[in-house]
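Some notes on the structure that comes next.
Labels below follow one simple rule: chain letters A, B, ... track the order of the sequence lines, proteins then strands, and each chain is numbered from 1.
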There are 2 protein chains.
Amino acid sequence: MALRYQKGTALSTSTVVNLRSTKVPLRAVDISKVTFTDCPVRDLISQIGGKWSVLLLEALAQRSYRFGELRRMVPDISQRMLTQTLRELQRDGYIGREVFPTKPPSVEYRMTDLGYSLYEPLAQLLNWAEANHDAVRAARASFDQSPD
Amino acid sequence: MALRYQKGTALSTSTVVNLRSTKVPLRAVDISKVTFTDCPVRDLISQIGGKWSVLLLEALAQRSYRFGELRRMVPDISQRMLTQTLRELQRDGYIGREVFPTKPPSVEYRMTDLGYSLYEPLAQLLNWAEANHDAVRAARASFDQSPD
DNA sequence: CGGGATCCATTCCGATACTG
DNA sequence: CAGTATCGGAATGGATCCCG
């Protein structure tokens, strides 16, 4: 039983198990010719696992913002990464991009319905992070002093 | 107004806004001498944003597993990354590690209470990923054909 | 203003070999 | 069985310059 899909066809005789809840029986899936992005979880993690995606989703969940506004909200992001991350979020359908042909041009980014639906469970996770950050840092400090 | 904490003290006169829900008023936080890991969200993302963390949390949310079992469940993980990721998860207090001094030795990993509490909102997010993967891939295909 | 293009440092991660 | 150590390639991301 293999966990989550993997690249290539190296394990064509194996199966992949989609684990989710302990209350749900495990489902076996043929792994032959299954590619990386076929696994929803690996796909999502590889996307929003980036350094900036979640921060931008957080901002745009509030309201629409222009490129320069976002840049000022995340002061330590480079222009390159801001552009690139916004493109990826747009490509996945989480945010929309509208160009206003003013001089100089302005571009506004806004969350889509799909993006809002993603942000719901995501916000819960971020709330957890904030609520439990002290516990995590305590565990970390304890481990660093004497690895259990 | 800056979004989320950043490194160093370069923006000592700025403030950071913790954004979360549109229903919650924005809170301003002094950014002076605030380091990277002081932001719970950035900290969490940099941790579980890795390639393997979520998969291992998913597995261990089911039941305890031994090192070799986890390795077989995630066949495309290297021994190096399995060890490393498990250490990080243990360090943050999400999982525990117990050594049984048999010959040869066996080591069992199990989720902690903190890990289970993290897995609750995380599982919701993963459920979303599975439920909406088709929509994401459709948006991606559409974008690749003609960038909106 | 909102990018694109290029170069470079760092980090991540896989492969391999070795060990108690 | 469950690691550790080392190496090298791949991917990530920052800095800088240019452009309509």
Side-chain angles (χ1 to χ4, degrees), chain A residues 4 6-8 10-11 36-37 42-43 45-56 59-60 64-91 95-110 147-148, chain B residues 4 6-8 10-11 36-37 42-43 45-56 59-60 64-91 95-110 147-148:
Chain A
R4 293 293 169 200
Q6 52 221 319
K7 286 180 186 169
L11 298 168
F36 181 83
T37 55
R42 293 198 185 205
D43 200 9
I45 295 302
S46 76
Q47 170 58 25
I48 70 167
K51 192 172 176 180
W52 306 109
S53 300
V54 169
L55 295 183
L56 294 178
L60 292 170
S64 299
Y65 284 107
R66 290 180 47 191
F67 187 89
E69 292 179 306
L70 289 170
R71 189 168 191 192
R72 283 186 292 277
M73 293 179 74
V74 189
D76 54 342
I77 195 174
S78 65
Q79 197 173 38
R80 180 183 180 278
M81 289 312 296
L82 180 54
T83 301
Q84 180 178 309
T85 306
L86 287 171
R87 284 293 175 285
E88 289 169 0
L89 294 177
Q90 184 192 2
R91 187 172 107 100
I95 67 176
R97 175 178 186 269
E98 192 175 2
V99 181
F100 297 96
T102 56
K103 296 180 233 181
S106 81
V107 180
E108 194 170 282
Y109 295 90
R110 71 173 60 247
D148 310 316
Chain B
R4 293 294 170 197
Q6 53 222 321
K7 288 179 186 170
L11 298 169
F36 181 83
T37 54
R42 293 198 184 204
D43 199 9
I45 294 301
S46 77
Q47 171 58 24
I48 71 167
K51 191 172 177 180
W52 306 109
S53 299
V54 169
L55 295 183
L56 295 178
L60 292 170
S64 299
Y65 284 107
R66 292 178 45 188
F67 187 88
E69 291 180 306
L70 289 170
R71 191 170 189 191
R72 283 186 292 277
M73 293 178 75
V74 190
D76 54 342
I77 195 174
S78 65
Q79 197 173 38
R80 180 185 182 278
M81 288 312 295
L82 180 53
T83 300
Q84 181 178 309
T85 307
L86 287 171
R87 283 295 175 285
E88 289 168 1
L89 295 176
Q90 184 193 1
R91 187 172 106 99
I95 66 176
R97 175 177 184 271
E98 190 175 4
V99 181
F100 297 95
T102 55
K103 293 181 234 178
S106 83
V107 179
E108 195 169 281
Y109 293 91
R110 71 171 61 246
D148 309 316

Measure the distance from [atom1] on [X] to [atom2] on [N] and round it to the nearest whole Å.
X        : N      : atom1 : atom2 : value
B:Glu108 : D:dA2  : CD    : P     : 10 Å
A:Leu86  : C:dG2  : CG    : C1'   : 11 Å
A:Leu82  : C:dG2  : CG    : C1'   : 9 Å
A:Lys103 : C:dG3  : NZ    : C1'   : 19 Å
B:Gln90  : D:dG3  : CD    : C1'   : 13 Å
B:Glu69  : D:dA2  : CD    : C1'   : 13 Å
B:Arg97  : D:dC1  : CZ    : C1'   : 12 Å
A:Ile77  : D:dG14 : CD1   : P     : 7 Å

Any B:Leu70 side-chain heavy atom under 4.5 Å of B:Ile77 side chain: no
Within-4.5 Å side-chain heavy-atom neighbours: A:Trp52 and B:Ile45: no
First encountered from the 5' end of DNA chain D, between A:Ser78 and A:Pro104: A:Ser78
Sugar-phosphate only, base, or nothing, as touched by B:Arg66 at under 4.0 Å among non-hydrogen atoms: sugar-phosphate
Residue pair B:Gln90, B:Arg87: steps toward the side chain to side chain contact (heavy atoms under 4.5 Å, CB included) verdict: CA-CA 5 Å; B:Gln90 184 193 1; B:Arg87 283 295 175 285; 3.9 Å; yes
Partners of [X] by side chain to side chain donor-acceptor pair (under 3.5 Å), sequence neighbours excluded?
X       : answer
B:Arg66 : none
B:Arg97 : B:Tyr109
B:Ser64 : B:Arg110

For nucleotides 4-12 of chain C, tabulate all protein N/O to nucleotide N/O atom pairs closer than 3.5 Å, reporting atom names and distance.
from  : atom 1 : to      : atom 2 : distance (Å)
C:dT6 : O4     : A:Arg80 : NE     : 3.3

Partners meeting side chain to side chain contact (heavy atoms under 4.5 Å, CB included) with A:Glu98 (sequence neighbours left out): A:Phe100
Stepwise side chain to side chain contact (heavy atoms under 4.5 Å, CB included) test for B:Leu86 and B:Ile95: CA-CA 8 Å; B:Leu86 287 171; B:Ile95 66 176; 3.7 Å; yes
Stepwise side chain to side chain contact (heavy atoms under 4.5 Å, CB included) test for B:Gln47 and B:Leu89: CA-CA 8 Å; B:Gln47 171 58 24; B:Leu89 295 176; 3.8 Å; yes
Angle of first-five versus last-five pair axes in the helix from C:dC1-D:dG20 to C:dG20-D:dC1, to 10 degrees: 40°
Residue-phosphate contact under 4.0 Å: A:Tyr109 side-chain N/O, C:dG3 OP1/OP2: yes
